[in-house]
Peer 1: 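Quick one: this structure, given as structure tokens, is what I'll be asking you about.
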Amino acid sequence: MAAAYGAARRRRQALWFWVFTGPFVLGLALFTYVPLAWSVWLGFFDAHNTVSPTDFTGLDNYREVLGDPAFRSALGTFVLFTAFIVPATYVLSLGLALAVGRLRAAQAFFRSVFFLPTACSYVVAALVWKLSVFNGVRFGLANTVLGWFGAEPVAWLSATDPPWYWLVVVTVRLWLQAGFYMVLFLAGLQRIPPQLYEAAAVDGARPGWQTFRHITFPALRATSVAVVLLLVINAFQAFDEFYNLLSDARGYPPYARPPLVYLYYTALGQGQNLGLGSAGAVVLALVIAVVSVVQVRWFGLGRREA
Amino acid sequence: MPISRRLLLAGGAGIALTGCGSNTGRGGEGSGRPRLSHWYHQYGEAGTRQAVGRYAAAYDKAGVRVEWRPGNYDQQTAAALLTDSGPDVFEVNGPTLDQIRGGQVVDLTGLLEGVKGDFNRAVLAPKTWDGRVWGIPQAIDTQLLYYRRSLLEKAGVRPPRTLDELVDAAGRLTAGPVKGLFLGNDGGAGVLGGTPLYAAGLSLVTDDGKPGFDDPTAARTLGKLHRLYAGKSLLLGAPADWSDPAALIQGLTAMQWSGLWALPQVKKALGDDFGVLPFPSDGPAGKPAVPVGAYAAAVSARSGRREEAKAYVKWLWVERTDHQEDFALSYGFHIPARTSLAAKAAKLKEGAAAEIVGFTNDYGYAQPLLWTVAAQTAYQDALSRIIKEGADPEREVKAAVRRTAEELRRAGKKS
């Protein structure tokens with residue numbers, strides 16, 4: 001009697017488990033795993049303008065995409081972008097958090113002000129940067145400021161020597177995301193027990209750099225790891241600001257072309273080379289997987305504290 | 001059985017889930033006339049959208065729903081053609097070779113019976129593959145060089161007739177904040193495309209399907225474009241790109257490469273203070289060049305009503321010459337694809353418009369169908385590096401030729 005009751009209960013629990021998770025599992029399978037597997041399959045075919053190709057070509061697409069200097073330079077662009085944006089955002093958002101955290105008055109106000117850009121869309125921000133802040137003519141904001149000092153207008157997005165476009169690309173993302181990471185750091189700062197600072201002061205640590213170097217920074221380790229991981233993942237996904245800043249009706253310049261933009265033009269534009277695009281996507285996914293694993297190992301994310 | 005709250009919730013969720021997916025947007029099966037959907041890209045000129053709606057409403061053999069699609073139209077149609085929920089009829093800046101060979105568009109040769117000779121040959125050629133026609137040209141567009149007469153006179157520069165004169169003129173017209181020439185914010189690689197090659201007597205793809213710029217002349221001509229950039233006489237980073245005549249009208253530049261569509265705006269803003277030129281020739285074998293092209297009406301092979309769709313396309317883009325003329329000339333400014341209509345149109349008979357029609361007849365070239373997107377990307381990348389980075393033209397051209405040859409081999413393999 002008790003056993004029958006237990007079995008019925010387990011059945012009921014299983015039923016409810018599927019009622020609640022079923023739709024999400026189904027969605028995940030349908031919209032993530034099926035396209036993923038399909039993409040891997042497409043990578044082995046000559047799939048121009050079709051998602052049900054018949055012309056098996058083995059590893060040709062992989063050979064072609066890895067041999068394409070444009071794809072290799074896209075990977076280089078991504079590395080360069082990450083090298084700029086990750087440290088820049090880290091330093092800026094930590095600095096903002098330290099400054100805002102010390103405020104005695106109007107802290108909530110400044111927190112909101114710096115956080116606000118996070119609510120802006122990448123597309124809108126990119127257009128504002130392109131059309132008004134960094135346009136190339138004399139009445140652009142940046143060029144107006146340069147004009148006060150008697151400098152010539154700079155064509156920010158069109159100039160390749162020096163590559164001013166990096167300034168535009170990096171600053172737009174910096175403006176958009178620094179406030180968000182500032183909030184993460186603020187939360188981290190507030191979790192540091194005040195006794196640590198008191199003990200340090202008693203031991204003779206000077207406030208300022210010494211305290212930051214030996215107390216604040218080490219205590220923020222967990223937050224820092226999370227922030228760096230998120231920043232790198234976000235940098236991998238870079239598409240919106242690059243595409244909206246640099247593309248035009250006739251295509252995309254051969255510089256500052258991150259992998260997703262390259263794949264977009266290969267597979268989704270009029271090119272419609274879905275086989276080659278899929279091969280590129282698989283290569284990119286492998287790169288991301290390797291980098292993530294290395295990062296997790298390096299930082300020991302998820303490892304239990306000893 | 002008592003109904004528990006949880007059961008009710010589950011039932012509700014079930015109903016909500018089945019509720020999705022029943023509306024496919026293809027209703028109206030039982031309402032007598034067949035339904036067709038017809039896609040257009042977003043035209044910038046006021047009134048075009050209403051006009052195409054009027055034409056569609058005037059067709060009595062089918063109910064035509066016009067879809068006006070802003071944004072990346074080429075990408076949207078390319079993706080929609082892979083599914084069953086795409087358009088029946090759509091306009092396309094093509095169709096591309098891969099679309100034709102992939103069986104995505106329907107053979108429309110029969111629609112042109114008896115009137116094929118009346119369509120502009122240059123723009124019909126890229127719509128033709130294997131002797132069959134895959135899209136009906138709607139209206140011809142072209143691009144050309146606009147210049148401010150007064151600025152040229154002030155600088156003592158005569159309208160450039162050769163590429164060297166153009167480079168020289170752009171330099172002399174650059175004064176302070178006013179630049180000599182505007183070829184687009186990317187420095188010209190995008191919009192010029194193959195035009196300088198044709199101006200040097202070369203081509204993108206030869207008639208027998210070989211790369212048309214495997215020649216030392218190509219590197220020499222394209223190399224001259226770098227002088228424009230290096231001499232700081234190109235306008236870069238303008239708020240509105242080359243397709244909009246704003247830079248010329250606002251006095252940011254003395255000369256601008258733009259489209260025929262800009263003519264009414266330029267005329268209205270500048271009156272007589274402007275002139276038009278084709279892209280100037282270069283070298284002894286060269287002659288001036290202007291690109292011509294046409295959006296075409298095509299029928300999707302995945303449409304369930306292909307015959308009805310073909311009949312509708314024939315009605316609108318072959319038979320109704322009144323609609324065609326209205327479409328080409330009443331809103332924006334295009335040349336009708338039918339030569340008989342273009343010859344009749346009063347608006348094209350005088351002034352700059354007549355000159356431009358002359359350019360298209362004498363110097364017009366259309367991008368060959370065999371010029372695939374991959375070849376174009378390789379060429380455009382090469383051109384951009386030549387113009388902006390001063391890369392070695394010979395090496396860059398050679399790389400683009402190699403990629404083009406590969407693409408042409410792929411195209412030849414399956415035909």
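Naming convention: chains lettered A, B, ... in sequence-line order (proteins, then strands); numbering from 1 in each chain.
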Peer 1: Crowded around F31(A) CZ? As in, over 12 foreign heavy atoms under 6.0 Å?
Peer 2: no
Peer 1: Quick check: do T50(A) and Q104(B) have side-chain heavy atoms less than 4.5 Å from each other?
Peer 2: no
Peer 1: What part of L274(A) gets within 4.5 angstrom of chain B, counting heavy atoms only: side chain, backbone, both, or neither?
Peer 2: side chain
Peer 1: Minimum heavy-atom separation for L82(B) to N49(A), with atom names?
Peer 2: CD2-O, 3.4 Å
Peer 1: Based on non-hydrogen pairs under 4.5 Å, which of G140(A), S158(A), A155(A), G136(A) is most in contact with chain B?
Peer 2: S158(A)
Peer 1: Does CH2 in W164(A) sit with more than 12 non-hydrogen atoms of other residues, nucleotides or ligands closer than 6.0 Å?
Peer 2: no
Peer 1: Could you list the donor-acceptor pairs under 3.5 angstrom formed by side chains in residues 239-246 of chain B, with sequence neighbours left out?
Peer 2:
from    : atom 1 : to      : atom 2 : distance (Å)
D241(B) : OD1    : N185(B) : N      : 2.9
D244(B) : OD1    : A246(B) : N      : 2.9

Peer 1: Measure L235(B) against the heavy atoms of chain A and call it side chain, backbone, both or neither at under 4.5 Å.
Peer 2: side chain
Peer 1: In chain order, what residues pass the ring pair (Phe, Tyr, Trp, His ring centres under 6.0 Å) check against F44(A), with sequence neighbours excluded?
Peer 2: Y62(A)
Peer 1: Return the OG1 to CD distance between T372(B) and Q272(A), rounded to the nearest 0.5 Å.
Peer 2: 13.5 Å
Peer 1: Take a 6.0 Å sphere around CH2 of W18(A) and say whether it holds more than 12 heavy atoms from other residues, nucleotides or ligands.
Peer 2: no
Peer 1: For R395(B), what residues pass the salt bridge (Lys or Arg N to Asp or Glu O under 4.0 Å) criterion, not counting sequence neighbours?
Peer 2: none
Peer 1: Counting only heavy atoms not in F139(A), do more than 12 sit closer than 6.0 Å to its CZ atom?
Peer 2: yes
Peer 1: Applying a heavy-atom distance below 4.5 Å, give me the residues of residues 375-391 of chain B that approach chain A, sorted by number.
Peer 2: T377(B), Q380(B), D381(B), S384(B), R385(B), K388(B), E389(B)
Peer 1: For Y252(A), is it the side chain, the backbone, both, or neither that has a heavy atom closer than 4.5 Å to a heavy atom of chain B?
Peer 2: backbone
Peer 1: For a 4.5 angstrom cut-off between non-hydrogen side-chain atoms, does K232(B) reach E152(A)?
Peer 2: no
Peer 1: Will you find, in the side chains of H48(A) and R101(B), an N or O donor that is under 3.5 Å from an N or O acceptor?
Peer 2: no
Peer 1: Any side-chain heavy atom of V137(A) sitting closer than 4.5 Å to one from Q250(B)?
Peer 2: no
